[in-house]
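What follows is a set of notes on a single structure, which appears directly below.
Reminder, nothing fancy here: chain letters follow the sequence lines and each chain counts from 1.
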There are 2 protein chains.
Amino acid sequence: MKIVMIGEAATHRDEIADQLDFKAEFAALPREAHESDAWDRQIDGADVLVAMRFQRRGAPPRFRLLHAPGAGLDGIDFAALPPGCTVCNVFEHEIPMAEYTLACMLDHEIGLGAARASFDNRRWSQSYLERKPRGELNGKTVVVIGFGRIGQAVAARARAFGLEVVAISSRAMDGKVEGPADRAFTPRQLNEVLPHADYVVLCCPLNDATRDSFGAPQFSAMSRDAVLINIARAAIVNEQALYSALSDQRIAGAYLDVWYRYPAGGGEAVPPSFYDFAALPNAFCTPHISGWTQGLFARRYAFIAGNITRQRNGEPLLNVVHDGRQATSRP
Amino acid sequence: MKIVMIGEAATHRDEIADQLDFKAEFAALPREAHESDAWDRQIDGADVLVAMRFQRRGAPPRFRLLHAPGAGLDGIDFAALPPGCTVCNVFEHEIPMAEYTLACMLDHEIGLGAARASFDNRRWSQSYLERKPRGELNGKTVVVIGFGRIGQAVAARARAFGLEVVAISSRAMDGKVEGPADRAFTPRQLNEVLPHADYVVLCCPLNDATRDSFGAPQFSAMSRDAVLINIARAAIVNEQALYSALSDQRIAGAYLDVWYRYPAGGGEAVPPSFYDFAALPNAFCTPHISGWTQGLFARRYAFIAGNITRQRNGEPLLNVVHDGRQATSRP
């Protein structure tokens with residue numbers, strides 16, 4: 001069994017090796033091996049290639065399984081894969097992203113940070129006697145836009161707090177959808193639903209249908225007390241409309257974890273947005289941390305080890321996105 | 001129907017009146033009427049007295065139902081009640097207290113406040129590229145000490161996050177207890193359970209058995225990575241042992257919402273503790289806010305209005321703690 005790992009994935013070799021009950025040969029290649037054929041002799045004949053990207057111009061090296069260590073497939077050129085190669089991906093980020101989302105909602109209701117800042121031994125008596133009643137999640141309504149793994153993980157936790165969950169999903173039919181939602185509507189019905197939301201959570205993929213799909217009309221439809229949480233992709237929300245909605249206090253606030261511009265690496269410095277969101281008191285800005293946990297990597301590489309074991313035993317693989325026995329082009 | 005309300009309760013008259021489908025006569029009395037007979041002519045003949053306390057030395061005025069607008073009964077002298085008077089109480093604080101508790105747990109794993117503080121347009125690229133993976137609640141273990149309404153409300157929400165819930169309850173038998181717990185043990189077994197806890201949440205009442213019951217032996221039994229959350233009463237935890245455990249970093253941290261000394265009112269200023277907990281970086285101190293919400297009052301007075309309607313219709317009351325038809329002394 002030969003396992004080749006490229007780029008950041010190669011730092012997780014032990015997390016796979018520890019889960020296998022047999023010895024395997026590992027090779028670690030630099031991130032350039034995603035696109036360059038300079039390391040193809042080391043890849044050739046691999047049972048498993050663990051890599052987030054794969055691009056080739058000429059004939060590819062041979063490998064049987066390309067396992068992405070994440071969910072996104074936009075770095076893989078399916079036409080460039082060797083014949084018969086199967087592709088699997090892995091999720092697990094829905095757990096930390098849902099935890100992040102509920103943390104934001106609870107932060108808005110409770111304001112733990114402000115409560116802590118108000119507390120010291122000298123001010124205690126005054127801050128106790130002058131406490132103002134705060135809000136609760138219980139009984140409020142959350143509109144979850146996009147009801148895949150992430151949206152459903154948010155919804156399951158939200159329901160435990162007594163929130164009403166309204167799903168926006170292209171799979172909605174007759175007000176219902178599979179999964180933990182009280183009601184469901186299609187994206188075309190979004191503007192009718194938004195006025196009832198206390199929280200709006202963006203969990204949908206970025207594609208031609210969703211790009212720039214949340215703008216001034218949607219902010220106008222929202223209640224002035226409502227809060228937007230974006231853990232999906234910044235470009236779903238119109239940048240200027242978001243800044244106006246917050247600076248004009250058209251909505252109560254936003255928790256923003258995804259941004260309009262990212263550094264490509266190597267010391268590059270770009271601003272996250274044309275606007276200075278962090279200077280707005282009702283914008284809560286975080287540096288794309290919603291899915292970034294130790295547990296994420298542990299679960300992902302344990303899942304990949306499970307699939308490697310299945311391949312060795314001739315058992316059906318999980319999370320197959322491209323079955324090499326049935327197709328040779330993009331699914 | 002005559003309804004008399006005393007003290008802070010009297011400010012919630014409309015929250016009862018709006019829920020009744022009949023007209024009632026209301027009277028609002030100052031907080032001194034809890035203990036003084038100076039307003040007894042106005043109380044006499046009331047159908048309902050809404051008050052957190054009731055003390056009398058001489059013959060009490062007559063009323064049929066004493067409805068406390070909270071859970072605690074320690075302000076009521078049951079021997080001083082008029083004959084045949086029934087007493088009811090009301091809860092509902094388990095909802096905000098459970099929300100507060102999960103907010104603390106998520107704060108510890110995610111550190112939203114620090115993530116926000118690290119974010120600005122100039123530092124964005126660096127803070128994004130240097131993100132450190134954070135923790136998750138998923139898969140961790142919470143030990144809930146006291147498994148009444150509050151403990152069970154914490155547990156139900158914790159389970160939605162994939163936490164293992166271990167209940168400490170005097171009702172535990174053979175490792176089980178009624179309610180949303182994976183395992184359950186008696187208070188005598190606490191020290192055996194504590195080493196397995198990532199979170200320890202105090203939800204038990206303060207009484208002779210629990211006072212000063214959490215001290216140096218319990219902190220020694222806890223993991224160095226574990227976190228204590230106290231939403232019950234400060235005096236359950238030994239003040240000096242708590243300060244030592246935090247300042248010596250014997251445990252990872254504590255979320256403290258309840259305190260050792262409270263102001264009696266009227267401008268009195270007392271420190272919350274002999275120690276300066278707020279100066280410790282691993283002590284997260286808040287001024288007894290866990291149950292203090294707008295929703296709490298709305299639910300409590302709606303519940304009281306429901307009981308008033310039941311009494312008018314001759315239906316059985318809910319949350320009866322003292323049945324005036326069966327007893328004339330404390331239950």
If you take all heavy atoms of B:G151 and B:F147, which pair is closest and at what distance?
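Answer, listing the atom of B:G151 first, then B:F147: O-CE1, 3.8 Å.
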So, for B:C203 and B:V144, which heavy atoms are closest and what is the spacing to 0.1 Å?
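Answer, listing the atom of B:C203 first, then B:V144: SG-CG1, 4.0 Å.
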Can you tell me how far apart CD (B:E15) and CZ (B:R300) are? Round to the nearest 0.5 Å.
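Taking CD in B:E15 and CZ in B:R300, the distance rounds to 12.0 Å.
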Within residues 225-242 of chain A, which positions have a heavy-atom distance to chain B below 4.5 Å?
none
Within a strict 4.5 Å, meaning less than it, do heavy atoms of the A:D18 and A:Y301 side chains meet?
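Contact flag for A:D18/A:Y301 side chains = no.
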Going by heavy atoms in the side chains, are B:P69 and B:F303 under 4.5 Å from each other?
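In short, these two side chains do not touch, never coming nearer than 4.5 Å.
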Heavy atoms of other groups near [X] [atom1], more than 12 under 6.0 Å:
X	atom1	value
B:R123	CZ	yes
B:Q249	CD	no
A:E178	CD	no

Residue, of [options], that accumulates the most heavy atom pairs under 4.5 Å with chain A:
options	answer
B:P272, B:A160, B:P271	B:P272
B:R131, B:R299, B:R261	B:R131
B:R122, B:E136, B:Q126	B:E136

Name the orientation class of the two ring planes belonging to B:H12 and B:F297 (parallel below 30°, tilted from 30 to 60°, perpendicular beyond 60°).
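Parallel: the ring planes of B:H12 and B:F297 meet at under 30°.
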Under 4.5 Å from any heavy atom of chain B - which part of A:S273
backbone
I would like to know whether A:W259 and A:F277 meet side chain to side chain contact (heavy atoms under 4.5 Å, CB included); could you show each step before the answer?
CA-CA 10 Å; A:W259 294 98; A:F277 281 98; 3.8 Å; yes
Can you list every side chain to side chain donor-acceptor pair (under 3.5 Å) pair that touches residues 149-159 of chain A, not counting sequence neighbours?
A:R159-A:D182
Do any of residues 282-294 of chain B have a heavy atom less than 4.5 Å from a heavy atom of chain A, and if so, which, in residue order?
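Under the 4.5 Å heavy-atom cut-off, B:A283, B:F284, B:C285, B:T286, B:P287, B:H288, B:I289, B:S290, B:G291, B:W292, B:T293, B:Q294 qualify.
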Inter-chain contacts: residues 91-116 of chain B against chain A, heavy atoms under 4.5 Å
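Contacts with chain A: B:I95, B:P96, B:E99, B:Y100, B:L102, B:A103, B:C104, B:L106, B:D107, B:I110, B:L112, B:G113, B:A115, B:R116.
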B:Y260-B:F274 aromatic ring centre distance below 6.0 Å
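Not under 6.0 Å, so no.
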Is a side-chain N or O of B:S125 found less than 3.5 angstrom from the main chain of A:V270, in a donor-acceptor match?
yes
